[in-house]
Amino acid sequence: MKEAPAARAFPWALAMGAGFGLLRLAPDAFWRMTPRELAAALSALLPAASEAIDRAGLAALMARFPDRMRG
């Protein structure tokens with residue numbers, strides 16, 4: 001039987017920093033929110049996730065921004 005992955009603790013310090021600092025929520029409003037509601041409110045401030053690039057896109061980026069200086 002396969003074991004379930006270990007649960008990670010909820011990142012309270014990060015959540016409180018985002019809620020109080022970025023969203024400027026009052027403490028009572030923050031503590032009434034669910035984690036899903038907090039994530040939805042923060043999503044308006046975060047850039048949308050982009051899709052992964054394919055091999056051709058990676059090759060184009062590597063050609064445009066090489067790791068070493070051209071001599």
Side-chain polar contacts of residues 51-61 - donor-acceptor pairs under 3.5 angstrom, sequence neighbours left out - could you list them?
| unit_1 | atom_1 | unit_2 | atom_2 | d |
| --- | --- | --- | --- | --- |
| Asp54 | OD1 | Ala56 | N | 3.4 |
| Asp54 | OD1 | Gly57 | N | 2.8 |

If you look only at distance, which donor and acceptor atoms sit under 3.5 Å apart when one is on a side chain in residues 18-32 and the other is two or more places apart or in another chain?
| unit_1 | atom_1 | unit_2 | atom_2 | d |
| --- | --- | --- | --- | --- |
| Asp28 | OD2 | Arg32 | NH1 | 3.1 |

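With hydrophobic clusters built from ILVMFWY side chains whose heavy atoms lie under 4.5 angstrom apart, Phe65 shares a cluster with Met62.
Sequence neighbours left out, not one pair with a member in residues 39-59 passes ring pair (Phe, Tyr, Trp, His ring centres under 6.0 Å).
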